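What follows is a short report on a single structure.
Bear in mind that the values here come from a model prediction, so they are computed numbers and not experimental data. For reference, positions follow the sequence shown, starting with 1.
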Amino acid sequence: MSKITITSPKPCDAKEGLKIKSNYKKLYLTLSAFFTTILLLILLIWLILHPAKPQFSLKEVDIYQLNLSGPNLNSSIQLTFLAKNPNQKVGIYFDEIQVYATYKGQQITGDTPVPPFYQAQEESNLITASLMGNTLPVAPSLGYELGRDQNVGRLVLNLKANGKLRWKVGTWVSGRYRFNVNCVAINAFGPSIPAGPLTSKQGAQCSTTI
């Protein structure tokens with residue numbers, strides 16, 4: 001019968017293994033505490049500053065063309081927004097902005113991109129966009145709605161902007177947030193079409209959601 005001998009691990013090997021495990025545990029706890037502190041600091045800064053939404057107002061709207069031909073619509077609209085950053089300590093990166101017009105819930109122009117820009121604290125910027133719609137398919141009821149508004153003497157349009165922004169606090173920049181802007185423009189629209197564009201300069205305040 002053969003003899004089987006089992007050798008116990010040396011005490012020094014066991015101590016070395018325990019030491020390595022202890023070092024890994026300390027490293028893990030240190031990194032966890034570091035990242036937790038960073039996240040809490042960012043959250044604290046965010047809660048203290050709590051950036052307010054950008055403010056938009058409609059300064060001018062010029063309607064150069066709004067012609068219905070069968071089921072299609074041709075449109076040409078020039079508009080000017082005023083964008084304001086109301087925050088005293090927070091800047092705003094506007095990374096994407098698409099502007100378009102709607103009438104009675106229907107989009108009557110294509111999406112017009114606005115170049116991205118940075119807005120410093122309490123800064124205001126004018127945004128101008130030319131909106132075009134070429135043979136856009138619309139609902140058959142649109143012609144009736146236009147005729148009724150012409151009899152009433154006013155044309156109500158919604159000018160909208162969708163995009164993405166980032167907040168900047170010191171050297172820290174947030175992730176992207178989607179925002180939506182909705183402005184209402186009321187233009188005189190009588191029975192006789194004027195030679196020039198239909199113009200609105202009422203300076204209406206717009207609603208903004210993020």
Side-chain angles (χ1 to χ4, degrees), residues 46 49-67 73-134 136 149 153-190 193-210:
W46 181 263
L49 297 174
H50 194 64
K53 297 183 293 186
Q55 298 171 354
F56 291 85
S57 58
L58 194 59
K59 307 307 292 183
E60 183 174 352
V61 179
D62 296 315
I63 303 174
Y64 289 91
Q65 184 183 22
L66 200 61
N67 296 330
L73 180 74
N74 295 309
S75 59
S76 175
I77 301 172
Q78 181 88 15
L79 64 89
T80 301
F81 284 113
L82 178 66
K84 181 182 178 180
N85 177 7
N87 298 286
Q88 295 181 350
K89 298 181 180 180
V90 182
I92 304 175
Y93 285 104
F94 288 96
D95 294 330
E96 298 176 15
I97 304 180
Q98 298 282 342
V99 184
Y100 61 97
T102 66
Y103 173 71
K104 303 297 184 183
Q106 300 183 63
Q107 187 166 338
I108 59 172
T109 68
D111 295 339
T112 298
V114 173
F117 64 96
Y118 173 73
Q119 196 169 55
Q121 298 88 335
E122 298 185 305
E123 185 179 24
S124 297
N125 299 90
L126 287 175
I127 301 174
T128 301
S130 296
L131 313 182
M132 302 290 294
N134 295 317
L136 290 176
D149 283 351
R154 69 174 191 171
L155 181 70
V156 180
L157 297 181
N158 287 85
L159 288 311
K160 299 186 177 184
N162 300 328
K164 295 179 181 178
L165 60 78
R166 291 174 294 159
W167 309 106
K168 182 178 184 295
V169 182
T171 58
W172 177 77
V173 180
S174 74
R176 288 185 172 185
Y177 290 83
R178 183 172 295 278
F179 70 94
N180 301 284
V181 181
N182 184 21
C183 309
V184 178
I186 301 175
N187 297 66
F189 189 43
I193 304 298
L198 300 175
T199 301
S200 174
K201 296 183 180 181
Q202 58 186 356
Q205 195 70 23
C206 309
S207 62
T208 305
T209 58
I210 294 180

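- Side-chain contact between Phe117 and Pro115 is absent, with no heavy atoms from C-beta onward closer than 4.5 Å.
- Each of Val99, Thr128, Thr109 was compared with Leu79 under the side-chain contact (heavy atoms from CB on, under 4.5 Å) criterion, and only Val99 meets it.
- We find the OG1-CG distance between Thr209 and Asn180 to be 4.0 Å, quoted to the nearest 0.5 Å.
- Taking the side chain as every heavy atom from C-beta outward, Gln121 and Val90 never approach each other to under 4.5 Å.
- Here the SG atom belonging to Cys183 is positioned 6.5 Å from the CG atom belonging to Leu159, to the nearest 0.5 angstrom.
- With contacts defined as side-chain heavy-atom distances shorter than 4.5 Å, the pair Asn67/Leu73 does not qualify.
- The minimum heavy-atom distance between Ser75 and Leu66, with the atom names listed, is CB-CD1, 3.9 Å.
- One finds the CG atom of Leu82 at 5.5 Å from the NZ atom of Lys59 (value rounded to the nearest 0.5 Å).
- When Ile108, Asn187, Asp62 are each tested for a side-chain contact (heavy atoms from CB on, under 4.5 Å) with Ile77, only one passes: Ile108.
- For Phe94 and Phe179, the ring centers sit closer than 6.0 Å to each other.
- Looking only at side-chain heavy atoms (C-beta outward), Tyr100 and Asn162 come within less than 4.5 Å of each other.
- With values rounded to the nearest 0.5 angstrom, Phe56 atom CZ is found 9.5 Å from Asn125 atom CG.
- Under a 3.5 Å cut-off, the side chain of Gln119 and the backbone N or O of Ala83 do form a donor-acceptor pair.
- A donor-acceptor pair shorter than 3.5 Å cannot be found between the side chains of Glu122 and Asn85.
- Considering only residues two or more places apart in sequence or on other chains, Glu123 meets the side chain to side chain donor-acceptor pair (under 3.5 Å) condition with none of them.
- Smallest separation of non-hydrogen atoms from Ser124 and Lys84: OG-CG, 3.4 Å.
- A pairwise comparison of heavy atoms in Ile210 and Pro54 identifies CD1-CD, 3.8 Å as the closest pair.
- Here the side chains of Glu96 and Arg176 are in contact, with some heavy-atom distance below 4.5 Å.
- Taking the side chain as every heavy atom from C-beta outward, Ile92 and Tyr118 never approach each other to under 4.5 Å.
- The 12-atom threshold is exceeded at NZ of Lys104, counting heavy atoms of other residues, nucleotides or ligands nearer than 6.0 Å.
- Considering Val156, Ile63, Asp149 in turn, Asp149 is the only one that fulfils the side-chain contact (heavy atoms from CB on, under 4.5 Å) rule with Phe189.
- Closest non-hydrogen pair, Phe81 versus Cys206, comes out as CE2-SG, 4.4 Å.
- In terms of modelled atom types and a separation under 3.5 Å, the side chain of Asn87 and the main chain of Ala52 share a donor-acceptor contact.
- Looking at Val184 and Asn158, their side chains come closer than 4.5 Å, going by heavy atoms from C-beta outward.
- Between the side chain of Lys164 and the main chain of Arg166, no donor-acceptor pair closer than 3.5 Å is present.
- Remark: Asn134 pairs with no residue by the side chain to side chain donor-acceptor pair (under 3.5 Å) rule, at least two apart or across chains.
- If you take CG on Leu58 and OG1 on Thr80, they are separated by 8.0 Å, rounding to the nearest 0.5 Å.
- No side-chain heavy atom of Ser57 sits under 4.5 Å from any side-chain heavy atom of Gln55.
- Side chain to side chain, Gln78 and Ser130 meet the donor-acceptor criterion of an N or O pair below 3.5 Å.
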